[in-house]
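Structure first, commentary second.
Each chain gets a letter, A, B and so on, in the order its sequence line appears, and its residues count up from 1. No experiment lies behind these values; they were computed from the predicted model shown.
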Number of protein chains: 2
Amino acid sequence: MELMEAIMRRRSIRSYRSDEVSEELLNKILEAARWAPSWANTQCWEFIIVKDKQTKEKLAETLPPPNPARGALSTAPIVIVACGRKGKAGFYKGTVTTVKGDWFMFDVALAMQNLTLAAHSLGLGTVHVGLFDSQKAEEILGVPDEVEVVEMTPLGFPDKESKAPPRKELKDFVFYESYGKK
Amino acid sequence: MELMEAIMRRRSIRSYRSDEVSEELLNKILEAARWAPSWANTQCWEFIIVKDKQTKEKLAETLPPPNPARGALSTAPIVIVACGRKGKAGFYKGTVTTVKGDWFMFDVALAMQNLTLAAHSLGLGTVHVGLFDSQKAEEILGVPDEVEVVEMTPLGFPDKESKAPPRKELKDFVFYESYGKK
């Protein structure tokens, strides 16, 4: 699929068919994440691929009940849990280098954007799920202290297409030469 | 350009020609950022497009001297400064909703990944620059308190191609069903 088409047509999918996703498709999607850039090439991202029904249901329970993605995490054949290893991105020889502290949220997002675009280009749906009890998810998955669960996405064939939510116009978020100047 | 080609061939470009970048190309790249997903569609990203030579040089001076991207920020015709508006991503009615606090680093990264892929597909180079004094950059650009400068990238036609730094193998960062399980 053409890049700009993938960028503009990707939607957040909250309704999935239960059809399996082949290893081949899954690996292509993970390969896309693998090629993301990262802080000094530290590649702090880690992914847990969950297919087990019980584990998916436990993960879904870490979401607050009104979240529309809750059902999607149980229905979709795969849940990808994106983690960040701490103390890598934003660090130099173990010391933090910027006021932002650990950059793992930034680098995991770069990889996840590649992953979700690749999924869309292969006919698969994803949706970023960030609003859940990540510490409970870490317990469920046995994630060690030096790693944090950042977000999750269901992965599967879309059952329903979603509409694109409206976007701000460029003039609302692009400035020239200094902040606020249009 | 095909999506997977863009993902796998994008390189961090640290050497630029001084040739101008047209408004048309610049707008296509910003349009790609515009279509990124974001926390509850809050779209907290903001961009400052810097072409003024003096401002670019001032921004370059916020980098520690050994950083190889320092020269690129002065030479490239454009510097894009990516900002995040605080209190949007990760919040619900003004209250933080997860242990991660503000998610602006995550959402700005999603938009920047779109932006850098689009630039590459149009023959332009970028490089993520995160190691600099962002508070000094905020002063230079008049960024208000409720917004933070996250990162910058030069934007221009590559003078030299870079090699891809090696990537971990999938087996080094992908686990199945629980953490660490291959």
Side-chain angles (χ1 to χ4, degrees), chain A residues 1-4 6-8 10 12 27 30-32 34-37 39 41 43 45-52 55 90 97-100 103 105-110 112-114 117-118 121 128 130-131 134-135 141-144 147 150 165 167-168 170 173-180, chain B residues 1-4 6-8 10 12 27 30-32 34-37 39 41 43 45-52 55 90 97-100 103 105-110 112-114 117-118 121 128 130-131 134-135 141-144 147 150 165 167-168 170 173-180:
Chain A
M1 185 181 288
E2 208 268 330
L3 170 73
M4 284 304 291
I7 284 176
M8 298 182 69
R10 181 212 51 80
S12 299
N27 283 337
L30 293 167
E31 192 67 24
R34 182 179 175 238
W35 282 94
W39 185 283
N41 199 34
Q43 307 166 64
W45 46 69
E46 298 183 327
F47 299 99
I48 307 170
I49 310 302
V50 178
K51 296 183 182 181
D52 180 72
T55 311
T97 57
T98 74
V99 293
K100 301 288 190 291
W103 281 65
M105 293 286 281
F106 190 87
D107 282 3
V108 168
L110 296 177
M112 282 301 289
Q113 185 61 9
N114 274 8
L117 289 174
S121 80
H128 294 280
L131 182 54
S134 60
Q135 291 167 331
L141 300 165
V143 174
V147 177
V150 176
R167 295 301 199 278
K168 294 177 186 172
L170 290 187
F173 64 89
V174 179
F175 308 122
Y176 293 85
E177 302 304 343
S178 64
Y179 189 90
Chain B
M1 183 180 290
E2 209 267 331
L3 170 72
M4 283 304 290
I7 284 176
M8 298 182 70
R10 181 213 50 80
S12 299
N27 284 336
L30 293 167
E31 191 67 23
R34 179 176 176 240
W35 283 94
W39 185 284
N41 199 34
Q43 306 166 65
W45 46 71
E46 298 183 326
F47 300 98
I48 307 170
I49 309 301
V50 178
K51 296 183 181 180
D52 180 71
T55 311
T97 56
T98 75
V99 293
K100 301 290 192 289
W103 280 65
M105 293 286 281
F106 191 87
D107 282 3
V108 168
L110 296 176
M112 282 302 288
Q113 185 60 10
N114 274 7
L117 289 173
S121 81
H128 294 281
L131 183 55
S134 60
Q135 291 167 331
L141 300 166
V143 175
V147 177
V150 175
R167 296 302 200 277
K168 294 177 186 173
L170 291 187
F173 64 89
V174 179
F175 308 121
Y176 293 86
E177 302 303 346
S178 63
Y179 190 89

* **Contacts of A:K51 that satisfy salt bridge (charged side-chain N to carboxylate O under 4.0 Å, His left out) - sequence neighbours left out** =>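 Result, salt bridge (charged side-chain N to carboxylate O under 4.0 Å, His left out) vs A:K51: A:E23.
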
* Residues which pass salt bridge (charged side-chain N to carboxylate O under 4.0 Å, His left out) with B:R10, listed by chain and number, not counting sequence neighbours ->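 So B:R10 forms no salt bridge (charged side-chain N to carboxylate O under 4.0 Å, His left out) with any residue.
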
Side chains of [X] and [Y]: closer than 4.5 Å at any heavy-atom pair?
| X | Y | answer |
| --- | --- | --- |
| A:W103 | B:V150 | yes |
| B:M4 | A:W35 | no |
| B:L131 | A:W39 | yes |
| A:L117 | B:N114 | yes |

Segment of [X] engaging chain B (4.5 angstrom heavy-atom cut-off):
| X | value |
| --- | --- |
| A:N41 | side chain |
| A:E31 | both |
| A:M1 | backbone |
| A:V99 | side chain |
| A:S134 | side chain |

Chain A heavy atoms under 4.5 Å from [X]: which part of the residue, side chain, backbone, both or neither?
| X | answer |
| --- | --- |
| B:D107 | neither |
| B:T55 | side chain |
| B:A32 | both |

* For B:L30 and A:Y176, which heavy atoms make the closest approach, and how far apart are they? ->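 Taking B:L30 first and A:Y176 second, the nearest heavy atoms are CD1-OH, 4.4 Å.
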
* Asked: What is the minimum heavy-atom distance between B:F106 and A:A109, and which atoms define it?
  ->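 The pair with the smallest heavy-atom distance is O-CB, 3.2 Å.
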
What residue in [options] has the most heavy-atom pairs under 4.5 Å with chain B?
| options | answer |
| --- | --- |
| A:S121, A:G90, A:A36 | A:A36 |
| A:R167, A:K168, A:E2 | A:R167 |
| A:E177, A:K100, A:M8 | A:E177 |

